[in-house]
Amino acid sequence: MSVQPRPGDPRITPELVADHGISEHEYSLILGILGREPTYTELGVFSAMWSEHCGYKNSRPLLKKLPTQAPWVLQGPGENAGVIDVGDGLAVAFKIESHNHPSAVEPYQGAATGVGGILRDVFTMGARPIACLNSLRFGEIDGDDADRVRYLFAGVVKGIGDYGNCVGIPTVAGEVYFDAAYEGNPLVNAMAIGLMKKEELIRGVASGVGNPIMAVGSRTGRDGIHGATFASAELSEESEAKRPMVQVGDPFTEKLLLEASLELIRSGHIVGIQDMGAAGLVSSSTEMAARGGTGVDIEITTVPVRETGMTPYEILLSETQERMLVVAHEGREEDVRAILGRWDLDAETIGHVTDTGRYVIRENGVVVVDIPGEPLVDACPTYTREGREAPEITAAREFDLASIQPKAEEADPTWTLRKLLDSPTIASKRWVYEQYDSTVRTNTVVGPGSDAAVIRLRGTRKAIAATVDCNARYVYLNPYRGGQIAVAEAARNLACSGALPRAVTDNLNFGNPLKPEVYYQLSESLRGIGEACAMLQTPVTGGNVSLYNENPRGAIYPTPTIGMVGVIEDLAHVTTSAFKEAGDAIVLLGTNTDELGGSEYLKAVHGRVAGDAPAIDLERERRLQQALLGMIRAGLVQSAHDTAEGGLAVALAESAIADPAAPLGVEVELDDDLPAAALLYGEAQGRVVVSCADGDVDALLEIAAEHAVPAKRIGTVGTPFGTFVIRTRGATVEAPASELAETYESAIPRRMEGSVADVETSLASVVQHGQE
């Protein structure tokens, strides 16, 4: 086929190639593939598909080392979402993805469209979305750039809330961290979970020569063009000029598209369906063809557009939201249109499946793109790079923590606990999640605020538990160990909720992989994640890699966020973190240590990020979770709470004040021969605080012993509005539970007060723009 440059298209120059993020080496590969110079449109196609965001060229060799298979995994990496079998003929689809770069320049729409995109990834598998989660990172809310941080924070939260609430999907869990490392690069990771019958699973495949290819949903505009390439480069002072690359979401159209897509899938009229997400029509059409081992031939002028004069380049690379690409059975186009019409949506035939294996785009019959399909999707050049640890990180890890002198205020141990409960990273996130509808559809059993969310599977006694976790400070100080801990903590949170951990979706947020220090963090953390997933039998079913999270101030902390789902076989086993009854016994599972490295205590009290990440023993973690599930299934556990940021004292406080309207007192005595700061606020791994009826302590300890899990009773739950007391050999923490609850609950609202009105005014025009 003869391909000629379009009149008016730019001439291909080294500068234009570089502007598209294509290296000299990669351009030479393109010349070899085509046997000629690419057209401008073809250059755009290669730029998108060979970007880090779509091609995973710096991460694919590392991702291959992750465990991805298990008897319960129905669909692993390579599709829109992973799918696992949960029994009773049901399956769960789930996926996590980032919208970091868009949210940095347009927080409301960046976050909103992140939610929309991840929902589409789930329902294109045939699953009805039943829950959303998110993992958010911002700069210091009290820092030098506090006004911008508050603007980003409020905008992202409002974007997530507005979109999810409008579509009618509950947002049931998440995490929020604040650290200067994210000052110029907020992280916005969105996760969605969907439910289906096993036989309703469908894949994004283009098969059947002659079958029509149809564009479904919103008309294509110029928003989001080159969004995938934008997400594959560092943010700079010029990034604000790239604001048009941020897509604009319409949750009401998304709701219609959701219902129409599920009806289409169940109708039998279609072969495959895929979201037009990153890289828009280019990625969806090439990936569907690659999965089917076919080619596609598209007439670009038949794609419905909402702006005049759009070029093939713009139409192919647009990331306009709420669009799907559908491959229908030949002769059933009118059936597809009829279903879409019932939902006030359009469906236009734009091409057909071929047996050539080539990616062909025509404009009024003239070929403007003709590329072999396989190199676009499966032969993106990949790189294994040199990695080395940054000297400053080595120095921070090896810093002598004993040289840090206690502050004068620490003479009162209660001051330290209040300081930690007031830390925005630890403090209650009620200000955030009360902006979300967490109960719509009435299947939420446990919503935000506990160790994991729990969603019942209607018509069964089963439930799904889900969580997102990552302590990026640990990964920064020790990437290998930090990666292990991220997986282990997610699994502990599920076990604390009564669920057997089943599978992982990961969102790998890192800086520029071309820098040896960043590549080292990426490769080492993935090594740790892989080992932990193998030990805990939680295969990785898919996810997202978000690199180049840097700006002139530097890179973010390496943040490999772990989204994990688990299965609760009986709703009677659902467990939460809140203490329940006065007089219940408090039992600690696991062992206290003298570790303080990487702790929130060092950061919040002493302004230090230093020391090694806590030690972790994956075999002990596995035994701990098995023991805990055994206790829960035996009906012995009233509450269970993982000890994480802030250590044992904070875990006890969070369980005591979980209900701020009736906080419970606590009487705890710790006889460990350890420094008070490490004992109270150290973040030793493999520990869970459980409560049980006084008469069940012996039975609970017996189960712990059977699994070789250290366990001991450390105290008793007190009365509502009682006193919170922890006694150690060298210190006593004592305060009214109601005072601790007030500190914990007011920390974020107090900091946002006074700035929220300004933030909402700034966002008003953004919201209005999204509704136009």
Q.
Assess whether a salt bridge exists between R120 and E97, defined as any Lys/Arg side-chain N lying under 4.0 Å from an Asp/Glu carboxylate O.
A. no
Q) Judged by modelled atom types alone, do N471 and E645 share a side-chain donor-acceptor pair under 3.5 Å? A) yes
Q. Under the side chain to side chain contact (heavy atoms under 4.5 Å, CB included) criterion, do K64 and S59 qualify, and how do the steps go?
A. CA-CA 9 Å; K64 289 180 178 179; S59 54; over 6 Å; no
Q: For R620, look at atom CZ and say whether over 12 heavy atoms of other residues, nucleotides or ligands are found less than 6.0 Å away.
A: no
Q) Which is it for N507 and N544 under the side chain to side chain donor-acceptor pair (under 3.5 Å) test, yes or no, and what are the steps along the way? A) CA-CA 5 Å; N507 206 137; N544 174 242; 3.1 Å; yes
Q) Looking at side-chain heavy atoms only, is the closest gap between V650 and I426 below 4.5 Å? A) yes
Q) Around atom NZ of K198, are there more than 12 heavy atoms of other residues, nucleotides or ligands at under 6.0 Å? A) no
Q) Below 4.0 angstrom, N of the basic side chain to O of the carboxylate: do R473 and E600 qualify? A) yes
Q) Is a donor on one side and an acceptor on the other found under 3.5 Å between the side chain of D275 and the backbone of T124? A) no
**Q.** Derivation and outcome, salt bridge (charged side-chain N to carboxylate O under 4.0 Å, His left out), residues K429 and E175
**A.** CA-CA 8 Å; K429 306 306 185 296; E175 59 176 2; over 6 Å; no
**Q.** Passing candidate, side chain to side chain contact (heavy atoms under 4.5 Å, CB included) with M125, options K95, Q274, M196, E200
**A.** M196
Q: Evaluate side chain to side chain contact (heavy atoms under 4.5 Å, CB included) for F138 paired with F178, printing each intermediate quantity in order.
A: CA-CA 5 Å; F138 302 96; F178 299 90; 4.0 Å; yes
Q: Show the numbers, then the answer: is there a side chain to side chain donor-acceptor pair (under 3.5 Å) between S546 and N100?
A: CA-CA 8 Å; S546 175; N100 302 336; 3.0 Å; yes
Q) So do the side chains of C132 and I169 get within less than 4.5 Å of each other, counting heavy atoms only? A) yes
Q) If you look only at pairs with a residue in residues 450-479, which of them pass as a ring pair (Phe, Tyr, Trp, His ring centres under 6.0 Å), with sequence neighbours excluded? A) Y476-Y557
Q.
Do I464 and V454 have side chains that approach each other closer than 4.5 Å (heavy atoms only, starting at C-beta)?
A. no
Q. Under 3.5 Å, side chain of R623 to main-chain N/O of H707, donor-acceptor pair present?
A. yes
Q) For Q638 and T575, which heavy atoms make the closest approach, and how far apart are they? A) O-CG2, 4.4 Å
Q. So do R502 and I84 actually touch side chain to side chain, heavy atoms under 4.5 Å?
A. yes
Q) Just wondering, do V487 and M564 contact through their side chains at under 4.5 Å, heavy atoms? A) yes
(Q) Minimum heavy-atom separation for A465 and I568, please, with both atom names. (A) CB-CD1, 4.3 Å
Q: Have a look at S639 and tell me which of S577, S450, S691 forms a side-chain hydrogen bond (donor to acceptor under 3.5 Å, both in side chains) with it.
A: S691
Q) Is there side-chain contact between I485 and N478, with heavy atoms separated by less than 4.5 Å? A) no
Q | R492 with D469: basic N within carboxylate O range, under 4.0 Å | A | no
**Q.** Main-chain N/O of G110 paired to H99 side chain as donor or acceptor, under 3.5 Å
**A.** yes
**Q.** Sidechain N-carboxylate O distance under 4.0 Å for R291, E79
**A.** yes
Q | Heavy-atom side-chain contact between P479 and Y520 under 4.5 Å | A | yes
Q: Considering non-hydrogen atoms only, spot the tightest contact between Y436 and I160 and give its length.
A: CE2-CG2, 3.6 Å
Q. Of the non-hydrogen atoms in F94 and M191, which two are nearest, and what is the gap between them?
A. CD1-CE, 4.2 Å
**Q.** Under 3.5 Å side-chain donor-acceptor pair for T442 and R458
**A.** yes
(Q) Run the side chain to side chain contact (heavy atoms under 4.5 Å, CB included) test on F123 and L262 for me, step by step, so that the C-alpha distance in whole Å, both residues' side-chain angles and the decisive distance to 0.1 Å come before the verdict. (A) CA-CA 7 Å; F123 68 73; L262 293 179; 4.2 Å; yes
Q) Looking only at atom types and distance, does a side-chain atom of D437 sit under 3.5 Å from a main-chain N or O of V440, one as donor and one as acceptor? A) yes
(Q) Does E199 have more than 12 heavy atoms from other residues, nucleotides or ligands lying within 6.0 Å of its CD? (A) yes
Q. Would T467 and L494 satisfy side chain to side chain contact (heavy atoms under 4.5 Å, CB included), going step by step from the backbone distance to the final call?
A. CA-CA 7 Å; T467 186; L494 294 185; 3.9 Å; yes
Q. Closest approach of A640 and L628, non-hydrogen atoms and distance?
A. CB-CD1, 4.2 Å
Q. Side chain of K580, backbone of A578: donor and acceptor closer than 3.5 Å?
A. yes
Q.
Is any side-chain heavy atom of E52 closer than 4.5 Å to one of K57?
A. yes
Q: Ignoring hydrogens and angles, state whether a donor on the side chain of T113 or Y163 is under 3.5 Å from an acceptor on the partner side chain.
A: no
Q) Can we say K462 and E569 salt-bridge, meaning some charged N sits less than 4.0 Å from an Asp/Glu carboxylate O? A) yes
Q. Checking side chain to side chain donor-acceptor pair (under 3.5 Å) for the pair N134/N189: CA distance, chi angles, key distance, verdict?
A. CA-CA 6 Å; N134 53 74; N189 295 175; over 6 Å; no
Q: Please name the pair of heavy atoms, one in V446 and one in A452, separated by the smallest distance, quoted to 0.1 Å.
A: CG1-O, 3.6 Å
**Q.** Main-chain N/O of G126 paired with R266 side-chain donor or acceptor, under 3.5 Å
**A.** yes
